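From a predicted model like this one, the values you see are computed outputs, not experimental measurements.
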Amino acid sequence: MRKIRLICVGKNQEKYLQEALKIYEKKLKRYCSFQWEILKEANYNRGNKDLWLKEEEKFLLKSLN
């Protein structure tokens with residue numbers, strides 16, 4: 001069976017997007033193993049864009065291993 005893993009950075013606050021993800025997950029489970037996880041986002045209160053990208057890259061690489 002195929003596996004799909006969806007990785008999102010940051011919490012999704014929009015209610016309509018959360019409902020859409022649940023519907024999508026329900027439809028996909030018939031055909032494959034589906035899981036999604038939410039990673040914390042970078043601290044945008046300090047640093048610059050390059051620092052934020054490096055921090056989020058670190059979280060992504062950690063979740064892939």
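Hydrophobic clustering, with ILVMFWY side chains joined whenever heavy atoms are under 4.5 angstrom apart, groups Leu39 together with Leu64. Leu53 is not connected to Val9 by any chain of hydrophobic side-chain contacts under 4.5 Å among Ile, Leu, Val, Met, Phe, Trp and Tyr, and they are in different clusters. Grouping the Ile, Leu, Val, Met, Phe, Trp and Tyr side chains by contacts below 4.5 angstrom, directly or via other members, places Ile4 apart from Leu60. No chain of hydrophobic side-chain contacts below 4.5 Å, direct or via other Ile, Leu, Val, Met, Phe, Trp or Tyr residues, connects Phe59 to Leu6.
The CD1 atom of Ile23 lies 12.0 Å from the CG atom of Leu28; values are rounded to the nearest 0.5 Å. Note: Phe34 CZ to Leu21 CG = 7.0 Å, rounded to the nearest 0.5 Å.
Residues forming a side-chain contact (heavy atoms from CB on, under 4.5 Å) with Leu51 (at least two apart in sequence, or on another chain): Arg46, Asn48. Lys62 pairs by the side-chain contact (heavy atoms from CB on, under 4.5 Å) definition with nothing, not counting sequence neighbours.
Residue pairs that meet the side-chain hydrogen bond (donor to acceptor under 3.5 Å, both in side chains) test with at least one member in residues 27-37, sequence neighbours left out, are Arg5-Glu37, Glu25-Trp36.
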